[in-house]
Visitor: 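One structure follows; several queries about it will come next.
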Amino acid sequence: MNVFEELSWRGQVYDFTDGVQELLGREKITVYNGFDPSADSLHVGNLVPMMGLARLQRFGHTPIAIAGGGTGMIGDPSGKSQERVLLSAAEVAANVESIADQLATILDFEVKSNPARIVNNADWLGTISMMDFLRDVGKHFTVNYMLGKDSVKSRLEREDGISFTEFSYMMLQAYDYLVLHDRYNCMLQTGGSDQWGNITAGVELVRRLRGRKVHALVYPLITSASGVKFGKTEAGAVWLSPRRTSPYRFYQFWYNTDDANVLAYLKYFTWLTPADLAELEHALYERPEQREAQRRLAQAMTRQVHGETALARAEQATAVLFGGALDGLEAHEIGDVFSDVPACELPRTELEGAGLAMVDLLVTCNLATSKGDGRRSIQGGGIYLNNERVTDPAQAVTTADSLGGQFLVLRKGRKQYHLVRVVG
């Protein structure tokens, strides 16, 4: 397959300008995609355009990633119901630096033939004067043209409307395309389908000012089987930064993918071949309870974004929920794994000296209705401390049993966990 066929097979083509297929098949070009530095981390939704650039790069095209230090000062109204809180120049600059490292996990900056490049549009947007911008760029955009774009039209229908600041965003992004075309002979801009209006504005600006035909290609906006925007969970967005979303949580996000979405996600986000996908599709339908497709997805994405070591620890942490050993996990990882299970606090003083009787701890944690009930559960082999079976009803729990000096993990039966936070 050529790269356009590859992207199409993977479901990554939503719309494009006439001639893109021929251009990509005929010559090796420079292509760019912008990334919003509104936070100090990209999120999993950004992996769609990141993987798109990476696939284009593997087929010999040269990718440019814009870390929008200039446009980030304004804020893109596309897909937003209200105006965002503007960041300071220092905040945007710090965010640009952070997301550049994340882009490097997907794009190849070392290959000799067509290395990826990161640029910051603050380099040109921050230096052009308002008079020059209005004269050289603004005169090519009619208000009628801008009002017709979905990103503007949808906001005008709301009570708050749209500020002139955000209204001007389209022209800024169009100017990016012009600058990158002039500097790097960029011939294609990619992005999410909600960016179509901004991208085609740049296509039109290059045509007007340079008399050249450049192109646009946009990816579909992904939603789950229930219609929820991809990457959104009850806890919020799933970030690429391990400081915002731990590798364990990141792994769990992919592992918990619904059966209805997993094959599509494997196409979007991994390098697996059609033959690989056919095998996983067969496993999905024949042995869905084994979740092999979800496991391969979680492994591939965690490895790619966080590396082999983080993947190994995420898998170890996942195994803990099924009775795996807690040895080697750090306290913050244990807290992360068991953050959603019932929990209570226990003063450290109760574990000092002779410690606390296990049966008393079970009652305190509501895993037993009485001491007698606790003894019977222990004698029946159904009680575990730190995933090791408790066999002696007279056993005492001491500070030596606490994990990292902070936690005790109790389990009744196969799945009923309780986390004890040791405080004081």
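Start at 1 with the first residue, then count along the sequence.
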Visitor: Distance from L277 atom CG to T270 atom OG1, nearest 0.5 Å?
Guide: 6.0 Å
Visitor: To the nearest 0.5 Å, tell me how far I383 CD1 sits from L362 CG.
Guide: 5.0 Å
Visitor: Both conditions, 6.0 Å and 45 degrees, for the charged tip of R10 above the ring of Y268: are they met here?
Guide: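 Relative to the ring axis of Y268, which defines the angle, R10 lies outside at least one limit.
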Visitor: Just distance, no hydrogens or angles: give the donor-acceptor pairs under 3.5 Å from side chains in residues 315-331, sequence neighbours left out.
Guide:
unit_1	atom_1	unit_2	atom_2	d
E315	OE2	Q299	NE2	2.8
Q316	NE2	D327	O	2.6
T318	OG1	Q252	NE2	2.8
T318	OG1	A314	O	2.8
E330	OE1	H332	NE2	3.0

Visitor: Within 45 degrees of the axis of the six-membered ring of W271 and under 6.0 Å from its centre: does R55 put its NZ or CZ there?
Guide: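 Relative to the ring axis of W271, which defines the angle, R55 lies inside both limits.
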Visitor: Looking only at atom types and distance, does a side-chain atom of R291 sit under 3.5 Å from a main-chain N or O of Y255, one as donor and one as acceptor?
Guide: yes
Visitor: Tell me if the centroids of the rings in Y184 and Y32 come within less than 6.0 Å of each other.
Guide: no
Visitor: Which pair of heavy atoms, one from H418 and one from C344, lies closest together, and at what distance?
Guide: NE2-SG, 3.3 Å
Visitor: Please determine whether a side-chain nitrogen of the Lys or Arg among R313 and E333 lies less than 4.0 Å from a carboxylate oxygen of the Asp or Glu.
Guide: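 E333 and R313: salt-bridged.
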Visitor: Verify the distance criterion only: is there a donor paired with an acceptor across the side chains of S370 and D373 at less than 3.5 Å?
Guide: no
Visitor: I need the C365 SG to L346 CG distance, nearest 0.5 Å.
Guide: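 The SG atom of C365 sits 7.5 Å away from the CG atom of L346.
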Visitor: Whether the D40 and N95 side chains hold a donor-acceptor pair (N or O, under 3.5 Å, no angle test) is what I'd like checked.
Guide: no
Visitor: Do the non-hydrogen side-chain atoms of P247 and P242 ever get within less than 4.5 Å of each other?
Guide: yes
Visitor: Nearest 0.5 angstrom please: L367 CG to M358 CE, how far?
Guide: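 Atom-to-atom, L367:CG and M358:CE are 10.0 Å apart.
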Visitor: Ion pair present between R183 and D123, side-chain N to carboxylate O less than 4.0 angstrom?
Guide: no
Visitor: Starting at OG1 of T190, measure out to CG of L53 and round the result to the nearest 0.5 Å.
Guide: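 Answer for the OG1-CG pair, T190 versus L53, is 4.5 Å.
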Visitor: Report the C-alpha separation of Q173 and Q189 in whole Å, then their side-chain angles, then the decisive distance to 0.1 Å, and conclude whether the side chain to side chain donor-acceptor pair (under 3.5 Å) test is met.
Guide: CA-CA 11 Å; Q173 186 167 327; Q189 182 183 173; 2.9 Å; yes
Visitor: Do F250 and W239 have side chains that get closer than 4.5 Å, going by heavy atoms?
Guide: no
Visitor: Please check if any side-chain donor atom of Q57 sits under 3.5 Å from a side-chain acceptor atom of T62, or the reverse.
Guide: no
Visitor: Quick one: CG on D101 to CD1 on I118, what's the gap to the nearest 0.5 Å?
Guide: 8.0 Å
Visitor: Tell me which donor-acceptor pairs under 3.5 Å the side chains of residues 348-357 have, and how far apart each pair is, sequence neighbours excluded?
Guide:
unit_1	atom_1	unit_2	atom_2	d
R348	NE	G424	O	2.9
R348	NH1	G405	O	3.0
R348	NH2	G405	O	3.0

Visitor: Under a 3.5 Å cutoff, is there a donor and acceptor pairing between the side chains of Y417 and N387?
Guide: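 Indeed, the side chains of Y417 and N387 share at least one donor-acceptor pair under 3.5 Å.
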